[in-house]
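These notes concern the structure reproduced below.
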Amino acid sequence: MFAFRYFHLFALSPLVGCSVYTESLLGDTQQTVNSGGSSISLAGSRNGTEGGTAHGGVSGNPDPQETAGEANGSAAADAGGAGGTGTNNGGSAPNGGALAGGTGSVGGTTMTNAGSGGTAVVDPPTGVDMLDDMEDGNFSLLPKPPRYGFWYVAGDATVGGKLPKIEQLVATIDPARGASSKGVHFEASGFKGWGSSVGLSFSDASQKRGPYNAGNALGISFWVRGSVADSTQLKVQFPITATDPSGKLCGGAGQGQCLDHFSTQITVTSTWTQVPILFSAIYQAGWGVPVEGGFDPGQMLGIEWSAGTSNLDIWIDDLALMRP
């Protein structure tokens, strides 16, 4: 098996247009693609799956094990589905799987947690730290120094696979969702390797990808609607320095595999639904390097949404951190 190698290079000029990365199965052969003032270089393999292309920034690198069944909505890559549940803040979580429906209270906010077991309904969180409301129409997060960031889309190397252009990712909602007129619109089809994804990467002011310390954040919330083929659930994962190659805490000699990010799964419907995800209720699948102590919001590299190889057409809006 080829080793996965990750090189992260950004030009000092602001991110303009589209940054592209490729992933190679050529072992130590390194590829670099430049676009819009930025460059990212990657080499190595994805554990036997195909390489891919991303627009708009650096991907959290979709799970290389999704082809083990998760792309078809099963929990094969998540160490089982419904076997064994435990209560967590009013919800139940299958072993290594998705947060199921349940009502609980977090920071004075009553909510129903979404996942494999239900649809989320939530009162406005008492501590909303908006990451992006998309109303500015660009693919950058709302700046809140020292927190910056940008959206990206990614897909494997399948010939004919379709992704939206990064410049068109934030689109007009018609009809508007109340006072919200814009959202992230991700439509992808035709992928047969690891699939496709949309996500965001945190960065510094120079747009260099790096960890963001989310401090006392309890989790995230966002609005979503759309469709995913074959009733596949949407995986929401949270790359951190301990599970991402850039942190150099995985993938090396004597270390576990990278990319086993903390995650959960949600069901998407044609109706706008607000989804809260608690950091206390996301889990690793178990095939990669184990992170002692659970998810650390002080190491957040980004957030990513993926349905594996399933075709999908989804909208995401008003993405926020939930704080006490």
Side-chain angles (χ1 to χ4, degrees), residues 10-11 13-23 33-40 51-62 130-143 148-203 207 209 222-229 232 234-236 268 270 272 275 302-320:
F10 264 93
S13 58
L15 183 66
V16 179
C18 173
S19 296
V20 178
Y21 78 77
T22 64
E23 291 178 27
V33 180
N34 296 283
S35 178
S38 301
S39 67
I40 301 165
T53 301
H55 300 278
V58 183
S59 170
N61 293 312
M130 188 66 67
L131 292 173
D132 200 1
D133 60 9
M134 296 82 174
E135 296 304 308
D136 55 14
N138 63 38
F139 59 88
S140 296
L141 302 186
L142 293 175
Y148 300 88
F150 47 85
W151 289 89
Y152 64 82
V153 299
D156 64 44
T158 303
V159 175
K162 295 182 179 180
L163 290 171
K165 294 180 179 180
I166 188 62
E167 295 85 357
Q168 300 171 339
L169 184 61
V170 177
T172 299
I173 300 172
D174 186 18
R177 185 184 64 80
S180 181
S181 63
K182 290 184 173 63
V184 165
H185 183 202
F186 181 64
E187 187 174 9
S189 62
F191 292 96
K192 299 178 181 179
W194 58 260
S196 64
S197 64
V198 60
L200 64 90
S201 284
F202 292 114
S203 71
Q207 297 186 331
R209 182 178 184 246
F222 56 91
W223 289 84
V224 65
R225 79 167 187 196
S227 62
V228 184
T232 301
L234 190 66
K235 183 175 183 179
V236 187
V268 178
S270 59
W272 280 110
V275 177
I303 308 168
E304 186 166 271
W305 293 258
S306 177
T309 57
S310 295
N311 296 347
L312 73 166
D313 184 351
I314 61 170
W315 288 80
I316 299 170
D317 194 19
D318 284 359
L319 173 64

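- For the residue pair G137 and K182, the shortest heavy atom distance occurs at CA-CD, 3.8 Å.
- Contact check for H185 versus V170: no side-chain heavy atoms found under the 4.5 Å cut-off.
- Counting only heavy atoms from C-beta outward, the side chains of L142 and L131 never approach each other to under 4.5 Å.
- Nearest heavy atom pair, residue F191 against residue K162, reads CE1-O, 3.3 Å.
- Between the CZ atom of F150 and the CD atom of Q207 there is a distance of 7.0 Å, given to the nearest 0.5 Å.
- I303 places none of its side-chain heavy atoms less than 4.5 Å from the side chain of F222.
- In this model, a donor atom of one side chain and an acceptor atom of the other lie less than 3.5 Å apart for D156 and T158.
- Side chains of F139 and L200 form no contact here, defined as non-hydrogen atoms less than 4.5 Å apart.
- The structure places CZ of R225 at 7.0 Å from CD1 of I173, a figure rounded to the nearest 0.5 Å.
- For the pair Y152 and S201, the minimum side-chain heavy-atom distance is below 4.5 Å.
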Q: Go through I316 and I314 one step at a time and tell me if the side chain to side chain contact (heavy atoms under 4.5 Å, CB included) criterion holds.
A: CA-CA 7 Å; I316 299 170; I314 61 170; 4.2 Å; yes

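- When atom types are taken as modelled, the side chain of E135 and the backbone of S181 share a donor-acceptor pair closer than 3.5 angstrom.
- Rounded to the nearest 0.5 angstrom, D132 CG and L141 CG are separated by 5.5 Å.
- Using cut-offs of 30° and 60° for the angle between ring planes, the W151 and W305 rings count as parallel.
- A donor-acceptor pair under 3.5 Å is formed between the side chain of S306 and the backbone N or O of S196.
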Margin query: As a quick check of understanding, evaluate side chain to side chain contact (heavy atoms under 4.5 Å, CB included) for W315 and V224, giving each step before the final call.
Written below: CA-CA 5 Å; W315 288 80; V224 65; over 6 Å; no

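- Side-chain contact annotation: S227 with D313, donor-acceptor N/O pair under 3.5 Å absent.
- Residues V184 and D317 are not in side-chain contact: their nearest non-hydrogen atoms beyond the backbone lie 4.5 Å or more apart.
- Of the inter-residue distances, the one linking M134 atom CE with W223 atom CH2 reads 13.5 Å to the nearest 0.5 angstrom.
- Of all heavy-atom pairs spanning E187 and P164, the tightest one is O-CD, 3.2 Å.
- Nearest heavy atom pair, residue G155 against residue W194, reads C-CZ2, 3.5 Å.
- Using a cut-off of 4.0 Å between Lys/Arg side-chain N and Asp/Glu carboxylate O, R177 and D318 are scored as salt-bridged.
- Of the inter-residue distances, the one linking E304 atom CD with S197 atom OG reads 3.5 Å to the nearest 0.5 angstrom.
- By the side chain to side chain contact (heavy atoms under 4.5 Å, CB included) test, N311 pairs with S189, A229, sequence neighbours left out.
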